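The next block holds one structure in the form of structure tokens; read it before the comments.
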Amino acid sequence: MSVQPISSALSMAQAANEGTNTSNLFINIAGQGTGTLTGTNVDQKLVKADRLLSFSEKMVREVNAASENTLFSAGEIDASWVYIEILRTQAAIYAQNSFYQANNIGPIDVYRADIINNKLTVTEQIEYTNCIITQIETFAQALEGKKLDTLKIWFRFIQRQDTLYFFDQTGQPLGQNVSLINFSQGTLQSGG
């Protein structure tokens, strides 16, 4: 009897330890990362960043269809908890201790990086400020003889700024586009 592999896709452990062509997310939690990315071919923003294994966020705008006029009521934006999963590193212990002590932390920066002119370059940066960690979960898994220890983190934030960086075909910077929402001030800004 032969045993066939269930999937030819890389396991989470392989993606975390070896990297993949599609694994291009990194995180910097209040400058507490281990800083394994170094060299002239790495964007300086990634120097204290760790690999981000999983990331999810959601915002909704509730619309009131029963408003008194013919237009829908715009409602307010509600942001869900941001979910991240990282390896158990120095940043994970910092986040865990911040959770225990109910400390606000920040900034938490999520980066998307792509290879541009043979350099790992940040092409998107989401910066969360005044964050409070609301839930943590330690996770350990052994896959294909490899062990993966991670920390799952859920957090809330006061402000979120998303910056997209644009480059031309030769890799030269063209500019950026920014959106910013601040829940404590009730403001939204966007622009290039």
Side-chain angles (χ1 to χ4, degrees), residues 12-13 15-17 19-20 22-38 42-61 76-114 120-141 148-166 176-191:
M12 195 165 47
N17 294 323
T20 69
T22 58
S23 178
N24 64 344
L25 295 177
F26 300 90
I27 190 163
N28 183 337
I29 300 176
Q32 299 297 313
T34 53
T36 59
L37 298 170
T38 60
V42 175
D43 192 313
Q44 280 301 108
K45 293 177 183 174
L46 299 173
V47 169
K48 292 293 277 182
D50 292 314
R51 185 170 299 280
L52 182 57
L53 302 177
S54 185
F55 168 71
S56 175
E57 70 173 343
K58 177 180 164 183
M59 289 190 207
V60 286
R61 180 182 294 280
E76 61 184 36
I77 294 175
D78 183 34
S80 70
W81 286 264
V82 178
Y83 164 76
I84 58 174
E85 185 174 3
I86 60 175
L87 293 172
R88 303 267 309 155
T89 62
Q90 179 177 324
I93 296 301
Y94 173 79
Q96 182 176 296
N97 288 337
S98 296
F99 171 75
Y100 293 153
Q101 298 165 1
N103 291 337
N104 279 9
I105 63 171
I108 296 177
D109 291 303
V110 173
Y111 301 105
R112 180 170 46 96
D114 296 293
L120 188 59
T121 305
V122 171
T123 54
E124 182 177 16
Q125 177 180 356
I126 304 172
E127 179 182 37
Y128 301 96
T129 55
N130 294 328
C131 304
I132 184 93
I133 297 174
T134 58
Q135 181 179 344
I136 60 173
E137 178 183 343
T138 302
F139 182 74
Q141 183 174 8
L148 179 66
D149 292 328
T150 67
L151 183 66
K152 297 177 180 184
I153 302 169
W154 290 261
F155 67 89
R156 296 296 300 245
F157 58 91
I158 297 294
Q159 180 173 293
R160 177 191 188 273
Q161 179 172 310
D162 191 353
T163 306
L164 290 173
Y165 300 96
F166 301 105
Q176 62 188 31
N177 200 348
V178 179
S179 71
L180 177 122
I181 187 166
N182 185 307
F183 286 98
S184 66
Q185 297 175 358
T187 58
L188 174 64
Q189 300 171 358
S190 63

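Here the structure is a predicted model, which is why all the values come from computation and not from measurement.
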Task: Partner set under salt bridge (charged side-chain N to carboxylate O under 4.0 Å, His left out) for Arg112, not counting sequence neighbours - done: Asp114, Glu124
[X] side chain near [Y] side chain, heavy-atom distance below 4.5 Å:
{"X": "Ile27", "Y": "Ile108", "result": "yes"}
{"X": "Glu57", "Y": "Ile126", "result": "yes"}
{"X": "Gln32", "Y": "Ile105", "result": "no"}
{"X": "Asn24", "Y": "Thr123", "result": "no"}
{"X": "Ile132", "Y": "Phe155", "result": "no"}
{"X": "Tyr100", "Y": "Ile136", "result": "yes"}
{"X": "Gln101", "Y": "Gln96", "result": "no"}

[X] to [Y] - nearest heavy-atom pair and separation:
{"X": "Ser98", "Y": "Ile133", "result": "CB-CD1, 4.5 Å"}
{"X": "Leu120", "Y": "Phe26", "result": "CD2-CZ, 4.0 Å"}
{"X": "Leu151", "Y": "Ala95", "result": "CD2-CB, 4.5 Å"}
{"X": "Ala30", "Y": "Gly106", "result": "CB-O, 3.8 Å"}

Task: Set of residues satisfying side chain to side chain contact (heavy atoms under 4.5 Å, CB included) with respect to Thr163, sequence neighbours excluded - done: Gln161, Tyr165, Gln176, Val178
Open item on the list: The criterion is side chain to side chain contact (heavy atoms under 4.5 Å, CB included); which residues satisfy it with Ser184, sequence neighbours excluded?
Closed with: Ile158, Asn182
Open item on the list: Is there a side chain to side chain contact (heavy atoms under 4.5 Å, CB included) between Arg160 and Met59? Walk through the geometry before answering.
Closed with: CA-CA 11 Å; Arg160 177 191 188 273; Met59 289 190 207; 3.2 Å; yes
Open item on the list: Here's a test for you: under ring pair (Phe, Tyr, Trp, His ring centres under 6.0 Å), which of Trp81, Tyr83, Phe55 qualifies with Trp154?
Closed with: Tyr83
[atom2] on [Y] to [atom1] on [X], rounded to 0.5 Å:
{"X": "Ile84", "Y": "Ser56", "atom1": "CD1", "atom2": "OG", "answer": "11.5 Å"}
{"X": "Ser179", "Y": "Leu164", "atom1": "OG", "atom2": "CG", "answer": "7.5 Å"}
{"X": "Lys45", "Y": "Leu37", "atom1": "NZ", "atom2": "CG", "answer": "15.0 Å"}
{"X": "Asn177", "Y": "Ser190", "atom1": "CG", "atom2": "OG", "answer": "7.5 Å"}

Task: side chain to side chain contact (heavy atoms under 4.5 Å, CB included), paired with Ile86, selected from Thr150, Leu53, Leu52 - done: Leu52
Task: Donor-acceptor pair between Glu127 and Tyr111 side chains, under 3.5 angstrom - done: no
Task: Intermediate values then yes/no, side chain to side chain contact (heavy atoms under 4.5 Å, CB included), Val110 and Tyr128 - done: CA-CA 8 Å; Val110 173; Tyr128 301 96; 4.1 Å; yes
